[in-house]
Enquirer: 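Have a look at this one.
Residues: numbered from 1 along the sequence shown. Model, not experiment: these values are computed from the prediction.
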Amino acid sequence: MNQPTIVSCPQCGTQVTWGEQSPHRPFCSKKCQMIDFGEWADEENSIPGAPDMSDSDGWSEEQY
C-alpha cells in the first residue's frame with residue numbers, strides 16, 4: 001500500500017497530508033492560506049523577474 005504524501009504547511013510548518021482530506025493543501029487551514037494570500041497581495045512576497053517595461057520612461061506605444 002502506498003504511503004500518503006506529507007508536506008509542511010508553508011505558513012506554519014504543520015504536517016499536511018496531500019490529498020482530498022486536506023482541501024487547503026499545501027496549507028493546513030484556510031487561515032494559513034489567507035495569511036499567505038495577504039502577503040502576496042501586500043507585495044511582501046514576489047517572484048524575481050524582468051522589470052515591468054511599462055513603468056520605464058523609455059516605453060511608448062507610438063509607432064516610429
Enquirer: Rounded to the nearest 0.5 Å, what separates atom CE in Met34 from atom CD in Glu39?
Expert: 12.0 Å
Enquirer: Who pairs with Trp40 by side chain to side chain contact (heavy atoms under 4.5 Å, CB included), at least two apart in sequence or on another chain?
Expert: Asp36, Asn45, Ile47
Enquirer: What closest approach, in Å, do Thr17 and Ser22 show between heavy atoms, and which atom pair accounts for it?
Expert: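 So the two residues come closest at O-OG, 2.7 Å.
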Enquirer: Just by distance, do the side chain of Arg25 and the backbone of Gly19 share a donor-acceptor pair under 3.5 Å?
Expert: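 Indeed, once roles are kept as given, a pair shorter than 3.5 Å links the two residues.
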Enquirer: If you take all heavy atoms of Pro26 and Pro10, which pair is closest and at what distance?
Expert: O-CD, 3.4 Å
Enquirer: State which residues pass side chain to side chain contact (heavy atoms under 4.5 Å, CB included) with Gln15; sequence neighbours excluded, sorted by chain then number.
Expert: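 Gln15 satisfies side chain to side chain contact (heavy atoms under 4.5 Å, CB included) with Ile6, Ser8 once adjacent residues are dropped.
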Enquirer: NZ/Lys30 to CZ/Phe37 distance, rounded to the nearest 0.5 angstrom?
Expert: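 With rounding to 0.5 Å, NZ (Lys30) is 9.5 Å from CZ (Phe37).
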Enquirer: Would you name the heavy atoms of Cys32 and Cys28 that are closest together and state the gap between them?
Expert: SG-SG, 3.8 Å
Enquirer: Is it the case that more than 12 heavy atoms not belonging to Glu43 sit under 6.0 Å from its CD atom?
Expert: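 No - once you tally the heavy atoms of other residues, nucleotides and ligands closer than 6.0 Å, there are 12 at most.
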